[in-house]
Amino acid sequence: MFGQQLCLVTLLLSVATVFSLDNGLALTPPMGWLSWERFRCNTDCVNDPDNCISERLFMQMADHMASDGYKDVGYEYINIDDCWMSKERDENGRLQADPKRFPSGIKKLADYIHSKGLKLGIYEDFGTKTCGGFPGSKFYMSIDAQTFADWGVDFLKLDGCYSNTDDMTVGYPLMGFFLNHTGRPFLYSCSWPAYVGKPDYQSIAKHCNIWRNYKDVQDSWDSVSGIIKYYGDDAQKFAEIARPGQFNDPDMLIVGDFGLSEDQQRVQMGMWAIMTAPLIMSVDLRNVKPFAKQLLTNKRIIAVNQDPMGIQGRRIWQVSNVDYWMKPIQPNGSYAFAFINFNTNGVQKKINLSLNYLHLTDPAGYNITETFTGKFLGVYKPTAYLHTLVNPTGIFMATAVPLSVYGRY
Ligand code: GAL
C-alpha cells in the first residue's frame, strides 16, 4: 500500500517537474471567440432562446465567424465557457452536455465547427465544481481529458473555483499531461495564476499555452483600464515570460459590446495587440456595429499582435496620466508603440516628443506609420519630434521601422 502511494507521489512530482506541455500550439497569441463575458451563464432557453448557452448559439457564432470576415483575418477558436454541462456525470463518470440545450451533443457540435474550418474550445474546472456550480474535474482529470479528445475538442480552459490552490502546482501540469496523453493537440488555457498569490510563472509557462492572471474583464472602461494598469505595473514580472507557445491572458475583448466608447474600444484592441494577448472576442457576432467589426478585423493591429517573435509589449513611461508602451516587432529593430491618455478632463492631450524618448535611436531614422488607419506619417530621425493629439481615454498607435531595413518608404 505504502509502495503504491510512493509510486503515485513520484508520478505526480515528475509530471510537475519533468513533463512539459510543448504541444507546438499558440506560436502566436490564439484568436477566437468565448461565450462568457457576453452571454454568461444564461441557461434559460425557454424564455431567451437566442442568448442562452446552447449548441444553437455556438453554431450561429461559428457561421458568422466563418462568413463575416473574422476567420479570414485569423480568428479560429469558438470556445464554450461555463454552464454547458448537465449537473450529473453519466453512469461511467463521463461529463455530458445539458441534453436540452445541447441535444446533438458536443461531438456533433465539434464536427459542425470543424466543417467551417474552425476549432472548438471547452471549459472545465480544476476543483470539485466549476465556478457556475457544474461538475468539476477533481478526481476525474484523466477521464475528462479523454472525453474531450473523443469529442474532437481542440482547446481547454481550466478554471480554478472550488479547489485547494496548494494542489495547483501539481494538478495543472497533470491535466496537461493527460491532455497530451490523448494524442490530440489541445491548446491549454490555465486560470492557475489568477488563483494563487505568488504564481511560479516559469512553471506555469512550461505547462500552459496561455494563462489568466488577473480579474475577469467586465463591460466597462474601469475594468479595461484596470487590466492595462496591472499589465503595465507588471509587479510580478510576467511580461518577460511571454513567447511563442506561452502567453499571458488579460481576458476577453469586449469590443462591440455595450460599455466602451469608440475611443475606449480602440484602446482595448490596440493594447491587446501591444500586450501580445490572446484575441478572444466576447461579442454577439450576429449583431456587431460596423465600427467594432472594422476594429476587430483591422489587419494592421492584428499583425502587431501576431508578430512572430511573440514579445509582450511593456509600459516604458507614465507621465501626466499618459502611458507610453513599446513592443518589439519584426523586421529587426522595429517597434509598435502606443500612447494612451487616461485623463478624463475632456481635452485632447498634446504629445510632443522626440523618438529618443522611446529609445528609437537608429541614426538613419524610422518610417513611422499610424496603425489604425495605415497612414504613413513620415521619416523621423531619433532627434525629430513627433506631434500627436490623443483623445481622452483614447490611444495613438504607430509602428517604427528603421530605414536601415527597407530604406525610405
Ligand atoms: C470565472 C472565470 C471567468 C468565467 C467564469 C465562469 O472564474 O474567470 O472567465 O470562466 O468563471 O463561471
Side-chain angles (χ1 to χ4, degrees), residues 26 29-44 48 51-54 57-58 61 77-87 95 97-98 101-102 106 120-138 144 148 153-165 167-168 171-172 175 186-197 199 204 208-220 222-224 226-228 230-231 238 247-257 259 268 272 275 277-284:
M31 295 174 65
W33 183 93
L34 177 64
S35 51
W36 183 253
E37 198 290 321
R38 179 63 184 76
F39 294 97
R40 306 284 170 165
C41 190
N42 179 351
T43 54
D44 186 1
D48 196 5
N51 298 300
C52 65
I53 299 301
S54 69
L57 180 74
F58 295 97
M61 293 304 138
Y77 290 95
I78 293 284
N79 292 349
I80 307 173
D81 206 283
D82 205 349
C83 309
W84 60 271
M85 294 174 209
S86 176
K87 288 270 177 176
L95 292 168
D98 182 280
R101 294 180 286 117
F102 292 84
I106 303 291
L120 175 67
I122 211 160
Y123 168 99
E124 240 297 4
D125 191 281
F126 174 76
T128 51
K129 283 192 264 182
T130 72
C131 301
F134 294 82
S137 270
K138 190 165 182 180
D144 288 352
F148 298 146
V153 173
D154 308 290
F155 179 124
L156 173 66
K157 170 176 173 180
L158 192 65
D159 211 339
C161 279
Y162 299 103
S163 71
N164 180 347
T165 52
D167 297 344
M168 289 183 171
Y172 268 95
M175 185 50 139
F186 278 92
L187 200 151
Y188 188 26
S189 162
C190 303
S191 301
W192 173 7
Y195 285 87
V196 297
I204 290 163
C208 305
N209 292 118
I210 60 173
W211 50 85
R212 284 279 314 284
N213 54 4
Y214 191 57
K215 294 180 204 163
D216 287 6
V217 71
Q218 310 294 343
D219 196 2
S220 73
D222 254 14
S223 167
V224 168
I227 294 171
I228 294 169
Y230 185 76
Y231 270 60
F238 52 78
F247 296 104
N248 293 287
D249 179 5
D251 213 1
M252 291 157 270
L253 290 170
I254 55 162
V255 171
D257 292 323
Q268 193 190 24
W272 262 232
M275 298 191 301
L279 297 181
I280 311 280
M281 307 177 278
S282 194
V283 62
D284 187 345

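Every number for a ligand or one of its atoms is a count from 1 in the order of the listing. Please read all numbers here as calculations on a predicted model, not as lab measurements.
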Trainee: Please could you name the atoms of ligand 1 that R212 approaches to less than 4.0 Å, counting only its heavy atoms?
Mentor: 8 (O), 9 (O)
Trainee: Could you list the residues that satisfy side chain to side chain contact (heavy atoms under 4.5 Å, CB included) with N51, not counting sequence neighbours?
Mentor: F39, N42, D48, D284, R286
Trainee: Could you go step by step and tell me if W211 and N248 meet the side-chain hydrogen bond (donor to acceptor under 3.5 Å, both in side chains) rule?
Mentor: CA-CA 5 Å; W211 50 85; N248 293 287; 2.6 Å; yes
Trainee: For C131, enumerate each residue passing the side chain to side chain contact (heavy atoms under 4.5 Å, CB included) test, keeping only those at least two apart in sequence or located in another chain.
Mentor: D82, Y123, D125, D159, C161, Y195
Trainee: Using non-hydrogen atoms of the residue, decide whether Y214 is closer than 4.0 angstrom to ligand 1.
Mentor: no
Trainee: Among all protein heavy atoms, pick out the one at the shortest distance from atom 8 (O) of ligand 1; state its residue, atom name and that distance to 0.1 Å.
Mentor: D216 OD1, 2.5 Å
Trainee: Does K157 have a non-hydrogen atom less than 4.0 Å from ligand 1?
Mentor: yes
Trainee: Take the angle between the ring planes of F58 and W33 and call it parallel below 30°, perpendicular above 60°, tilted in between.
Mentor: perpendicular
Trainee: Is the charged tip of K129 near the ring of F134: under 6.0 Å from the six-membered ring centre and within 45° of its axis?
Mentor: no
Trainee: So which heavy atom on F155 is nearest to which on Y77, and how close?
Mentor: CD1-CD2, 3.7 Å
Trainee: Under 4.0 Å from any heavy atom of Y195, which atoms of ligand 1 are there?
Mentor: 7 (O)
Trainee: Would you say D82 has any N or O atom under 3.5 Å from an N or O of ligand 1, going by distance alone?
Mentor: yes
Trainee: Applying a heavy-atom cut-off of 4.0 Å, say which part of T130 lies close to ligand 1: side chain, backbone, both or neither.
Mentor: neither
Trainee: Check whether any side-chain heavy atom of M252 sits under 4.5 Å from a side-chain heavy atom of R38, and report yes or no.
Mentor: no
Trainee: So D144 and M175, do their side chains get closer than 4.5 Å, heavy atoms only?
Mentor: yes
Trainee: Any nitrogen or oxygen of D159, main chain or side chain, under 3.5 Å from a nitrogen or oxygen of ligand 1?
Mentor: yes
Trainee: Among all protein heavy atoms, pick out the one at the shortest distance from atom 4 (C) of ligand 1; state its residue, atom name and that distance to 0.1 Å.
Mentor: D81 OD1, 3.4 Å
Trainee: With atoms numbered from 1 as shown, which atoms in ligand 1 lie under 4.0 angstrom from a non-hydrogen atom of C131?
Mentor: 1 (C), 7 (O), 11 (O), 12 (O)
Trainee: Tell me whether ligand 1 is touched by R40 - counting only heavy atoms on the residue side and a distance under 4.0 Å.
Mentor: no
